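Every chain is numbered from 1 and lettered A, B, ... according to where its sequence line falls, protein lines coming before strand lines. Quick note: numbers below take in every heavy atom, side chains included, and nothing from hydrogens, waters or symmetry partners. What you are looking at is a predicted structure, and each value in this text was computed from that prediction instead of being measured.
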Amino acid sequence: MPGKLKAKVVAGRHLPVMDRASDLTDAFVEVKFGTTTFKTDVCPKSLNPQWNSEWFKFEVDDEDLQDEPLQITVLDHDTYSANDAIGKVYIDIDPLLCSEAATVISGWFPIYDTIHGIRGEINVLVKVDLFNDLNRFRQSSCGVKFFCTTSIPRCFRAVLIHGFVEELVVNEDPEYQWIDRIRTPRASNEARQRLISLMSGELQRKIGLKVLEMGGNAVVGYLQCFDLEGESGLVVRAIGTACTLDKISSTYTAAIVQNLSNSSPSKDMKEAGFGEEAPGVPLSSGPPTPLRAQTFSSFSPSKSYSRQSSSSDTELSLTPKTGMGSGGSAGKEAGPLKALLRQQTQSALEQREFPFFTLTGFPPAFLLHVGGVVSARSVKLLDRIHNPDEPETRDAWWEELRQEIKSHAKALGCHAVVGYSESTSICEEVCILSASGTAAILSSRFVQDGALDTDHRFEDVAPPACGFCHIPYDELNMPFPAQLTYCHCCRRHKVPDVLFTTIDVPTEANVTGKGCLIQARLCRTKKKGQGEGNATAISNLLPFLEYELHTQLLNKLKLRGMNALFGLRVQISVGDTMLLGLASATGVYLTALPSPGGIQIAGKTPNDITYEQHISNMQKKINDTIAKNKELYEINPPEFVEEVIGSPIPEPRQRSRLFRSHSESSDEVLELDLSHGKKDAFVLEIDDTDAIEDIHSLLTDAPTPPGFYSCNTEIMPGIYNWTSGLQMFTSVRVFRLSNANLTNQGLNKIFNDLCENLLKSLYFKLRSMVPCCLCHVNFIVAVPEDELIQVAVTAVAMSFDKDQSQENGRQSGDKTLMKAITENEEQLQFPLELSAESPSNPLSCAKGLSEVSGPLPSARVSSLEKASPVPEGRSRSLRSNRSCPGSSITVVKMTPLSFIPGAKIIKYLGIINMFFIRETTSLREEGGVSGFLHSFIAEVFAMVRAHVAALGGNAVVSYSMKECVFMENPNKNQAQCLINVSGDAVIFIRESELEATPSQTQSGNVQTSSNGEGT
Amino acid sequence: MSVELDVFVGNTTIMDKEVYQLWLNGYTVNDAVKVRMEGGVMEECEASAEVLLSDTMDQFRTFQMCERLLQNPAKLANQLLFQIPPDRQAMLIERYYAFADAFVREVLGKKLSKGTKKDLDDVSAKTGITLKSCRRQFDNFKRVFKVVEELKGPLVENIRQHFLLPDQLARDYAAIVFFANNRFETGKKKLQYLTFQDFAFCAGQLINNWTVGAVDNMVEDMDVDLDKEFLQDLKDLKILIADKDLLDQHKSLVCVALRGKTKVFNEMETNFKNLSRGLVNIAAKLTNPKDVRDFFIDLVEKFIEPCKSDRWTATDVNLYLTHYTNSAHILDSFKYQTVWTRYMGVIKSCILRMYHE
C-alpha cells in the first residue's frame, strides 16, 4: 500500500441556483477515489459556499493512483427528494506521482456537467504521499515522465533514446451497453468519461512499465488516441518514444552513470510480458516474417569492419514490393568509417521490433539521412471485441501495419522511421488504419544500449548541415527511379530533387527564404455499401486518392518554387458516400537540393488554335505565379551550375519518395508511378476536364494576405525574432451538402473552398497580429454524417518583428538564433549552465545530484522550487493567485508548439490529457449548433487552463485537440460532442526577466545543486 | 449547400472593438456586416463578404456569451471561461455600461419599472437608437439601481466597486439612480435644452450636499434620498420673503453690492422680489415629494426664464447669486445661516450650470 492521497475541499463560487424557491443552493461535495467516498458537510443557502473540509485521506496502491482519477462531485442537498448533482471535476493525479513534476494540486476548477456545461467553480487541494517500496515497480510505473512534445523537452537532455513503445486497451463503450437504454444521458456520459479516464490511466501505466523495462525514465512524443468503434467497443491506444532524459542542470557524469547501469539488452525487454503477440506473426501480406528472420541473422552485432553492401542489398532483395532487381553494390562513396557507424547503429536498431520514433525534432547530430515518407494504410471491418483483456485483433492490425512501414523504410535503405504517427478513421463498421513516418538513418549516439556505446563516438564530429538531405539508399540500386544531383551545399554527396518528410525542419538545415503551408485536398464519391464489399470498395479507392493527393502536393510545391515538404500529414476520412483526403505540409526551399523546374502544360490536341491559346495563357499564368511566389517567399537561391548525374534508369521519369501501400484485400502493394515528367519541364498534360480542374485549383489557391505566413511545423524557417504575441485557437466548420448527387469535381471544389475560406477567415480574425505566422496549423477533417463535412483547425498565431536583420543586434547570425529558438536550447543552454556552475566544483555537484535522484524526490523538488530562478515578485504573484481565492486568475498560455517564444520553460509539470463529453437537449436555446460548440470549446479551454494553473503552471505546450466528434439532431433539438485534448503543463518565465536577473539565475543554480547534495 | 456550423475560439478571447460597438448598438448581424463593409475593413484585409459575415456572427455570439458576465462585472474578472486581458475587460465593461445621451434624457427621472420598459419602443423611434440597445441601457440603469439600493456607503463609490466602472461613468450612474429614485421631472419642454451632463452635475451637487449621506455616511440609501430634516428646515427660510422688512433689507444689501457692476442692474432691482420669492418658495415646498419632482422645472420657471428675458449674462447671474447668498448672512434677524448656505450653495451651482446663454 504505497501511497496516501489527500484531498481537501476549500470552497465553491458562482454555483448555479438549484432551489428556485430561495434562489440559493445547499451544496455539499463528494470526494471519491476508487471505491472510497468522503462527503463534506452541507453548506446551506449559499452560491459561494465555504466548506473548508478536513483532509480526506485515501490509502491506495500506486497502481490505482496511476489509473484512477480523483472524482469530485458537487451536489445540492435535498431533504425530501434525491440530491441533485450540480457537476463534477475529475482530477488526474498523475503529475503528483512524478518527482520532478508538481507537488500539490491547488486551485479553482470549473464544475462540469455534461448537460449544462460549466456550473461554478470549486477550490480543491490535493496531495500525494508516496511510500517508497523497493518492489514498487511491479505493476505501477510511477515516476516515468510523459511528454506530448515530439522533441527532447527543453530543460532536459537526452541520454539515450530507447525507441518505440506502444500499448492499447479496449473496452465496451458504455454508450452502447444495454443499460444505456434505461439510464439518463448524463449518467451515460459520465460513465464514458470515467471509463476513458480510467483506460488512459491504465494505458499510461502500462507504457510506463515498458519504459522502465527498457531502462528509460520518460516517454517523449506521447500520442494517445481514442477509437470510438461504436457497437464494437472503445479502443484507447498510445504510442511514444522511450527515452532516458537528464535534467539539463545536472552534468554529464550523471548521464554516464545511468547509461552504464542500464545494460539490459533491448531484445528481451520488448518480448517480455503484456500479452503482446509473438514477433513476426504471419500477416496478410507476404514478406514480413522471412524478412525479419533474415535481417536478424545477418545483423547479429558483427564486428565486420569492412564496408559491407550487404545492408542495403539484403534489404532490397527482401522487399519484393519495390519491384527492384537487386543490382550490384559497388561504388558507394561513403567511407569505411561511415559504413561502420551505420552498421553499428543499424544493429542497435535492428534488434528492436520496430525502430520507430515518434519524435519530429532531434538532438543535434542524431538524424543523419532522410529517405522519404513511408506510409501504410489498411481497411478493416470492425467486429465486437469479445474479451477486453485480450485485445489481440487490434494489436495484430497495428503490428501488421508497422511491419509494412518497417519494410518500406528498408526499401529506402533506412533502418529507422522518425516522425512516426498512427491514426484511424471510422465509419460505421469500416475502419481505416493509417501509419506514416519518415524513413531515416540515425546516428548511434543515442540509440545504442550498453556495450557498443561510449568508445565509438565518431559522429561527435558533427555532420554537415546538409547531411540529412543526402540519399541514404544506394545510388545504383535505388528503390525507385530518381533524379540525383550533387548536394548544392557540400557538392560531395548525392541529393534527390525533392524531399518529403513528416518531421520538422531540422534546426541545422539550410533553408533559402521562407516556407509556407501547402495543402492537397480531395473528395471522392463512393457508393453506399455494407460489410466486406464496402471495405473492398474503399481499399480500391485509396490508392487513387493517395496518388492524386501526392500529385497535388508536388504541383503546389513546384508552383511555389520549393523543393521539400516537412511535417507531411495525410488524412483520409471515410464517410458513407465519400472519402475525404487532406494532405498538409510545410513547403520550403532546401538550399542543398536542386532548384525545382517550372511546370509545363501540354495539350493533347495541338492543332486547335484556340486551344493552344488557352494553354499558353494558362502557362503564362503559372509562370507568373511561380515568379510571384518566389518573390513572396524570398526564394533566391545562389546560382549553381547544374550537373545532373545521369539517372541509372534510361527513362527520364522520376518518382518521388512516397512509399505507400494498403492492405486488406490485396497482397500486392500497388506501386504507383507518382511522377509527371522530367525535371526541367514538369509536364502537366491537359487531356481531359479533370486535368483542367486540377490546374484551376492549383491556381485558385489564394495567397496568404500580406503580413501573414503559415506552416504546419513547429517553426517557420526564415522567421526568427518572435515577439511574445501568441494566440492559440480552434476553429470548427461543418458544411452541409444539400445536393446528394455531386460529382467528384463538384465535391472537390466544395471541400477546397471550405478549407480556403476557413483559412481566409483565420487570417481576417488575426489581422491585428500582423506581421504574424500561423504555426502548427493542424486540420482534422471528418465526415460525421452522410452529407456533412467537418473541418477543425487548431493552430497558434505568433507575431514577429518585421525588420529582422536590424533587430536585437544579432552577432551570431541566423543559424544560432534559430537554434536558440527551436528545440536545441541544449546547445546554447548547456555551456551557459556549466559556466554558471563552474565557480563551485562541477564534479561534486553532479555527483550530488545523481545520488539524490533516487530516494527522496519530493525533498529535492521543493528545494528546486525554492531555488528556481523566478524573480521574487513574479513567483509571489503566481503563488498568491493560487492560494487566495477571489483574486484574479492566472493567465495560462496555450500553444501547440513545444516552446514559447521569448520565454524559457523552467519546469514540466506533467501531461494534460482530458476527455470531455457535452450533450444538450435544448440546442436552439443554446444558440444552435454553433453556440453549443462554441461554448463547449471555450469550456474545454477553461478546464485545461484551470488544471494547469492548479498544478502551478502558466502554460500548456504541445497542446493538441486530437478528437472533436460532433453529432447533431436538430429535429430533436439535440446535439452531442466529444473532445479530447492533450499537452504538457509547464512553468515558463520570460527571457527578459531572466536577463534582468542573471546573477540570481546563477546563484539559483548553484543553490540547487548544493541543496541537492545536502539531502 | 451551406455552412451549418462555424466557430472560432481563441485561448485569449478575440474581441474587435468596432464589432463590439455594433453589437452594443443593437445591430443585427447583417446590418453590422453592412456597416463594416462600408467602413472599408474588407479592402484593408482582402476579405470577402463571407469572411466578414462569419467573423461578425462569431463575435456576436461571443458577446452574447459574455453578456451574462458583463451584467455582473465582478464575475468577469473571476470567471474561467474566457481568458480576457484586464485592459480588455475594462473596455468591455465600460462600453457595456456606456449609454447614449439621447436615450438617457428620455428616461432620466422616470421610474425604472416594467411600464417604462414597455414604452422603450417609443423612445427607440424618437431617438433612432435600436430597441435592443435601448433595452440594454435601460436594464443597466435598473440593475445598478437595484444593487445600490441595498448598499450602505457612498453611492458613487458603491457603483464603482460593484460594477468596476471608471470614475466618470460611476458618477453618471449615480446621477441616474438619484434621479430615478427621486423621480425628478426632466422631460418637460422647458427642460429640453438641458443635457444629461447638466443634470448629472446637478445630481452631484444634490448628492453631495442635500442627502443624508452628506452629513452621516453610514446610512442605507444615504446618497439616494434627500435629507428629510434638512427639507423640513428649509421651511424656515420662508421668513426671507414673508417678513417685509427682511425682504427689503436683503434687497438693498444686494443692490448696494451690485450697483455699477452690472449692465442689468435696473432689471435686477425691479425683479429682486420676484426672484427671491421664487427661490425661497422652491425651498419651502421641498418637503412635498411632488414639488421635489418639479425642482428643475421650478428653477427654470422661477429664476432662469425671468433672467433670460432680461438678457442677463452668466456672469450677471453668478454675481447676483453670490451677493444674494452672502447678503443674507449680514441680515441680523435671519438666523438660519447653515441651512441657507447648504441650500444656496447647491442652488447657485445648479442654476449656473443650467443657465445656457
Side-chain angles (χ1 to χ4, degrees), chain A residues 13-14 108-110 118 121 702 705-706 726-739 750 754 757-758 760-768 788 790 796-797 886-889 891-895 927-935 937-943 945-946 966 968, chain B residues 1-19 29 33 36 41-69 72 74-90 164:
Chain A
R13 66 181 182 195
H14 309 153
W108 288 100
F109 292 90
I118 291 178
E121 289 128 36
L726 193 76
Q727 170 70 281
M728 190 283 296
F729 59 85
T730 291
S731 185
V732 183
R733 276 191 192 183
V734 175
F735 197 87
R736 184 174 287 280
L737 311 162
S738 52
N739 184 356
I750 288 169
L754 179 59
N757 287 338
L758 186 48
K760 271 186 211 160
S761 276
L762 297 182
Y763 294 135
F764 182 75
K765 281 261 184 214
L766 300 161
R767 65 193 184 284
S768 65
L788 296 182
Q790 178 190 318
V796 64
S887 75
S888 72
I889 285 147
V891 172
V892 176
K893 299 225 175 209
M894 290 166 79
T895 173
V929 283
S930 295
F932 170 70
L933 194 63
H934 193 140
S935 50
I937 294 175
E939 281 167 351
V940 169
F941 284 3
M943 286 184 279
R945 287 193 301 256
F966 178 76
E968 55 166 332
Chain B
M1 264 165 273
S2 58
V3 174
E4 174 130 338
L5 180 158
D6 178 7
V7 298
F8 176 101
V9 189
N11 183 35
T12 306
T13 308
I14 291 186
M15 290 168 170
D16 185 315
K17 277 190 193 179
E18 185 207 351
V19 185
V29 172
V33 170
R36 293 184 80 186
V41 74
M42 288 221 300
E43 291 76 44
E44 206 178 291
C45 322
E46 301 176 4
S48 64
E50 229 173 294
V51 167
L52 216 53
L53 179 68
S54 145
D55 177 61
T56 311
M57 291 238 272
D58 207 72
Q59 297 218 37
F60 270 43
R61 197 165 47 235
T62 310
F63 300 139
Q64 252 154 44
M65 288 163 69
C66 277
E67 191 162 16
R68 185 179 54 85
L69 298 164
N72 188 347
K75 263 192 190 167
L76 189 66
N78 266 327
Q79 50 85 35
L80 301 174
L81 193 55
F82 300 101
Q83 187 158 276
I84 306 169
D87 58 320
R88 280 270 132 161
Q89 287 185 19
L164 307 175

Checklist line | B/Asp58, part contacting chain A, at a heavy-atom distance under 4.5 Å | finding: both
Margin query: With chain B as the partner, which of A/His934, A/Glu939, A/Glu968 has the greatest number of non-hydrogen pairs under 4.5 Å?
Written below: A/His934
Checklist line | Leading residue by heavy atom contact count with chain B [cutoff under 4.5 Å; candidates A/Val892, A/Leu754, A/Leu788, A/Ile118] | finding: A/Val892
Notebook entry, point to check: Quick one: does B/Asp16's side chain get under 4.5 Å of A/Arg767's, heavy atoms only?
Noted result: yes
Notebook entry, point to check: Between A/Val940 and chain B, which part of the residue has a heavy atom less than 4.5 Å away: side chain, backbone, both or neither?
Noted result: neither
Next item on the list: Could you tell me which portion of A/Gln790 (side chain, backbone, both or neither) has an atom closer than 4.5 angstrom to a non-hydrogen atom of chain B?
Entry: neither
Check: Does any heavy atom of chain B fall under 4.5 Å from the side chain of A/Leu766, the backbone, both, or neither of them?
Finding: side chain
Item checked: Best-contacting candidate, B/Gln59, B/Glu50, B/Lys75, against chain A by heavy atom pairs under 4.5 angstrom -> B/Lys75
Next item on the list: Go through the atoms of A/Phe966 and report whether side chain, backbone, both or neither lie under 4.5 Å from a heavy atom of chain B.
Entry: side chain
Note to self: For B/Asn11, run the side-chain hydrogen bond (donor to acceptor under 3.5 Å, both in side chains) check against A/Arg945, A/Gln727, A/Lys893 and tell me which one passes.
What the structure shows: A/Arg945
Next item on the list: Answer with yes or no whether the side chains of A/Ser930 and B/Asp6 bring together a donor and an acceptor at under 3.5 Å.
Entry: no
Check: For the candidates A/Lys760, A/Met728, A/Lys765, which exhibits the highest count of non-hydrogen atom pairs separated by less than 4.5 Å from chain B?
Finding: A/Lys765
Notebook entry, point to check: If we ignore angles and hydrogens, is there a donor and acceptor under 3.5 Å between the side chains of A/Arg733 and A/Asn757?
Noted result: no
Margin query: Does the plane of the ring in B/Phe8 sit parallel, tilted or perpendicular to the ring in A/Phe729? Use 30° and 60° as the thresholds.
Written below: parallel
Notebook entry, point to check: Do the non-hydrogen side-chain atoms of B/Leu81 and A/Phe941 ever get within less than 4.5 Å of each other?
Noted result: no
Item checked: Under 3.5 Å donor-acceptor, A/Glu121 side chain and A/Arg13 backbone -> no
